[in-house]
Protein chains: 2
Amino acid sequence: MITIVGELVIGEKRCLNSELWHACAGPLVCLPTLGSRVVYFPQGHSEQVAASTNKEIDGHIPNYPSLPPQLICQLHNVTMHADVETDEVYAQMTLQPLTPQEQKDTYLPAEMGISSKQPTNYFCKTLTASDTSTHGGFSVPRRAAEKVFPPLDFSQQPPAQELIARDLHDVEWKFRHIFRGQPKRHLLTTGWSVFVSAKRLVAGDSVLFIWNEKNQLLLGIRRASRPQTVMPSSVLSSDSMHIGLLAAAAHAAATNSRFTIFYNPRASPSEFVIPLSKYAKAVYHTRVSVGMRFRMLFETEESSVRRYMGTITGIGDLDPVRWPNSHWRSVKVRYSCYVIVSALCNDHFSVTNDFSVYVMLFQH
Amino acid sequence: MITIVGELVIGEKRCLNSELWHACAGPLVCLPTLGSRVVYFPQGHSEQVAASTNKEIDGHIPNYPSLPPQLICQLHNVTMHADVETDEVYAQMTLQPLTPQEQKDTYLPAEMGISSKQPTNYFCKTLTASDTSTHGGFSVPRRAAEKVFPPLDFSQQPPAQELIARDLHDVEWKFRHIFRGQPKRHLLTTGWSVFVSAKRLVAGDSVLFIWNEKNQLLLGIRRASRPQTVMPSSVLSSDSMHIGLLAAAAHAAATNSRFTIFYNPRASPSEFVIPLSKYAKAVYHTRVSVGMRFRMLFETEESSVRRYMGTITGIGDLDPVRWPNSHWRSVKVRYSCYVIVSALCNDHFSVTNDFSVYVMLFQH
DNA sequence: TTGTAGGCTTGTTGCCGACAA
DNA sequence: TTGTCGGCAACAAGCCTACAA
């Protein structure tokens with residue numbers, strides 16, 4: 001007799017805190033609205049799978065001539081998730097390709113997607129060697145502590161309190177918050193090292209605290225990207241995964257049935273599910289030509305947004321053989337020198353010369 | 001400029017120690033010979049993916065009428081692997097479906113597959129609470145220590161030596177082996193707790209030491225199955241994985257090109273790549289009928305093999321709609337009461353009543 | 001303002017035999 | 001024969017201030 005323990009629920013769908021999810025995902029990540037129409041790019045999905053499996057696509061992947069480079073879909077489900085092991089944020093979406101008839105319906109106003117409204121009362125700090133060593137606690141930046149932590153009772157000597165913060169999995173973490181030292185400073189002492197070792201944080205990773213409207217303290221992490229952490233999956237070969245993504249989309253398109261995808265903002269170079277209205281506006285109502293200036297947004301190390309201007313140097317298919325007439329990375333843009341790019345994954349590579357990238361018209 | 005560190009090689013193919021791999025995989029696991037012809041069962045592969053993603057197949061998966069329930073293939077590559085995080089053993093195989101013409105060639109003699117010859121000088125112990133606590137070391141069963149560890153110098157008081165053992169990743173682990181206490185016993189002290197915490201072993205997991213012909217000490221682990229450790233992959237939906245496996249096999253069959261699969265003996269209920277000669281012998285040269293006795297092999301907790309006799313109660317298609325004329329689990333066998341089954345994964349579930357299973361004719 | 005280091009206290013790890021299952 | 005415990009010693013964790021960047 002096989003006994004299933006009552007409390008153990010595998011694959012249970014809980015509602016993650018949206019504010020914390022978006023804060024961990026970064027300011028550039030935006031999820032389409034539930035029920036809206038979106039454009040799905042198999043090419044972009046393919047890029048994400050390639051990034052996740054650490055394997056380029058090679059010639060063994062069959063063509064799916066019946067699968068267009070962009071599918072207009074109804075978004076039936078969006079759920080936010082976080083990896084149980086690493087806390088990495090990702091989203092699950094259920095898409096249903098629309099018939100040409102259904103596509104003709106006029107756009108609804110609320111289809112632009114919910115931009116990631118970063119919370120106001122929050123701070124994000126990249127951990128130092130001292131923060132992560134077993135020797136001491138966490139040094140809280142002064143303005144951050146004053147803005148997002150509840151005020152201390154300064155009649156006590158030294159002023160101290162217990163903070164309780166919840167992470168993405170709704171797990172409580174308790175910290176002793178104390179204001180002491182010469183000069184005086186805010187510190188998290190007792191409880192901090194338990195958190196660091198439980199989350200396996202190292203110097204360079206970031207933690208982020210949010211004080212929300214309900215007077216709750218939320219706690220998220222953003223890992224510095226360590227390239228070697230991407231492992232082979234051992235479940236399915238990367239070729240089969242690529243074929244699976246294409247075949248699943250092709251089958252759903254042929255039968256107008258639903259299919260499910262995962263969007264992993266930190267693994268993927270670009271969003272591959274875009275609000276239809278945003279796509280239509282960019283593709284049908286924007287004139288682009290070689291020589292035009294093109295704006296791009298990047299996330300800085302302090303997780304704010306910076307604009308960079310580039311020049312369009314080419315327009316056309318990225319992969320004319322497999323994906324003719326695709327709007328995926330159809331615009332080639334050159335950016336000028338000394339741009340320090342801090343990509344989403346915190347892997348800040350510095351570009352000291354000119355560099356060119358293939359981007360989408362509808363990218364940010 | 002993106003710099004790739006020279007030493008860091010991702011996905012490098014090293015030759016794993018075959019003896020240790022087989023010992024960790026268990027006595028029932030057997031890999032087909034390189035270059036031989038094998039039979040591949042998409043159904044079985046599907047079962048493994050379902051077990052790995054913890055998700056049953058549902059109706060969303062399209063049929064692949066062009067894909068037969070068994071594909072005769074040439075085995076172009078077999079490599080043994082171990083998960084970097086968990087040490088879980090798995091194998092990667094490259095298969096090429098054969099044309100009807102190629103299938104007609106006569107069998108070669110060496111196509112029966114290399115059975116997992118368990119090493120003679122080895123022992124396997126399931127860890128106790130004391131073994132895994134931080135309070136002490138590892139208590140070595142006396143006969144085990146005398147059989148597989150190098151002899152101690154009993155002129156010392158107490159007799160002690162340093163043991164160096166290599167794991168599946170060729171990482172060295174050093175232990176102080178001492179013979180002390182009242183009554184006298186063999187213990188591993190210094191170095192043991194580092195190993196336990198590095199491998200994240202808990203009471204119930206097993207360790208296994210081999211003393212091979214080259215006078216090397218090998219060290220493997222077998223985890224007690226903890227069902228909740230199976231996580232959603234967040235790379236590809238389980239539906240897409242199922243479609244991918246079928247589409248990859250169908251594409252390879254249609255074009256007679258190679259495809260790659262992973263075989264995970266501890267996740268999968270059954271082997272789905274079988275030597276052709278074994279398959280042919282069982283399917284074409286064995287008469288079976290309802291009422292006949294049928295032998296099955298099971299792995300015991302001490303990782304030896306036990307035989308159980310059952311009675312065939314049915315013969316026919318497991319899934320007549322999707323997979324007509326399949327030899328995958330086409331035989332229904334009933335086993336009698338009080339069989340204590342210890343499956344490969346150490347999850348020993350006791351069966352106190354009769355139970356029936358669907359098996360393959362060519363199963364062990 | 002805040003990262004790191006030195007001093008000092010306290011809690012945990014880890015080696016030992018005793019004892020009992 | 002071997003699992004667990006109490007004793008004890010060594011060590012690391014963790015709280016504090018000092019100092020300098």
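Quick note on labels: first sequence line is chain A, next is B, and so on, each numbered from 1. What you see below is based on every heavy atom in this structure, not just the backbone, and it leaves out hydrogens, waters and symmetry mates.
- Using the six-membered ring where Trp is involved, Phe175(A) and Trp192(A) have ring planes that are tilted, between 30° and 60° apart.
- Shown here for Phe149(A) and Val140(A), the closest heavy-atom pair between the two residues is CE1-CG1, 3.7 Å.
- Across every non-hydrogen atom of Ser206(B) and Cys124(B), the tightest pair is CB-SG, 3.9 Å.
- Nucleic acid contact class of Thr128(B) (heavy atoms, under 4.0 Å, all strands): sugar-phosphate only.
- Between Ser193(B) and dG14(C) there is a side-chain N or O to OP1 or OP2 distance below 4.0 Å.
- The separation between Leu127(A) atom CG and dT4(C) atom C1' is 15 Å, rounded to whole Å.
- Summarising the geometry of Asn212(B) relative to Glu19(B), their closest heavy-atom pair is CB-OE1, 3.4 Å, with the distance given to 0.1 Å.
- Residue whose closest nucleotide on DNA chain D sits further toward the 5' end, between Pro183(A) and Pro158(A): Pro158(A).
- Salt-bridge check for Asp205(B) with Lys199(B): failed, with every basic side-chain N at 4.0 Å or more from each acidic carboxylate O.
- Rounded to whole angstrom, the span from the CG atom of Asp131(A) across to the P atom of dG3(C) amounts to 6 Å.
- Not a single donor-acceptor contact under 3.5 angstrom links the side-chain atoms of Arg185(B) to the base of dG17(C).
- The Gln182(A) side chain lies nearest to dA18(D) when the options are dA18(D), dT4(C), dT1(D).
- Nucleic acid contact for Ser133(A): none, since no nucleic acid atom lies under 4.0 Å from a heavy atom of the residue.
- In plain terms, the two heavy atoms of Glu85(A) and Arg223(A) that are nearest each other are O-NH2, 4.4 Å.
- Rounded to whole Å, the distance from NZ on Lys125(B) to P on dT1(D) is 14 Å.
- We find that CD of Glu146(B) is positioned 8 Å from P of dT1(D), with the value rounded to whole Å.
- Summarising the geometry, the separation between CZ on Phe138(A) and P on dG14(D) is reported as 16 Å, rounded to the nearest angstrom.
- Contacts of Thr189(A) with the nucleic acid, taken as non-hydrogen atoms under 4.0 Å apart, involve only primed sugar atoms and P, OP1 or OP2.
- Put simply, CD on Gln157(A) is 15 Å from C1' on dC16(D), counting in whole angstrom units.
- Atom P of nucleotide dG14(C) and atom CZ of Phe175(B) are separated by 13 Å, given to the nearest angstrom.
- Rounded to a whole Å, the CG atom of Leu188(A) is 14 Å from the P atom of dG14(D).
- Residue His135(B) places no side-chain atom within donor-acceptor reach of the base of dG3(D), judged by atom type and a 3.5 Å distance cut-off alone.
- Heavy atoms of Arg143(B) sit nowhere under 4.0 angstrom from any nucleic acid atom.
- Contacts of Ser130(B) with the nucleic acid, taken as non-hydrogen atoms under 4.0 Å apart, include base atoms.
- Contact of Arg176(B) with dG14(C) (side chain to base): no donor-acceptor pair of N or O atoms is detected under 3.5 Å.
- Mapped onto DNA chain D by nearest heavy atom, Arg180(A) and Ser139(B) fall at different nucleotides, with Ser139(B) at the one closer to the 5' end.
- Each of Gly181(B) and Pro141(A) has a nearest nucleotide on DNA chain C; the 5'-most of these lies closest to Pro141(A).
- Using a 4.0 Å heavy-atom cutoff across all strands shown, Lys184(B) reaches at least one base atom of the nucleic acid.
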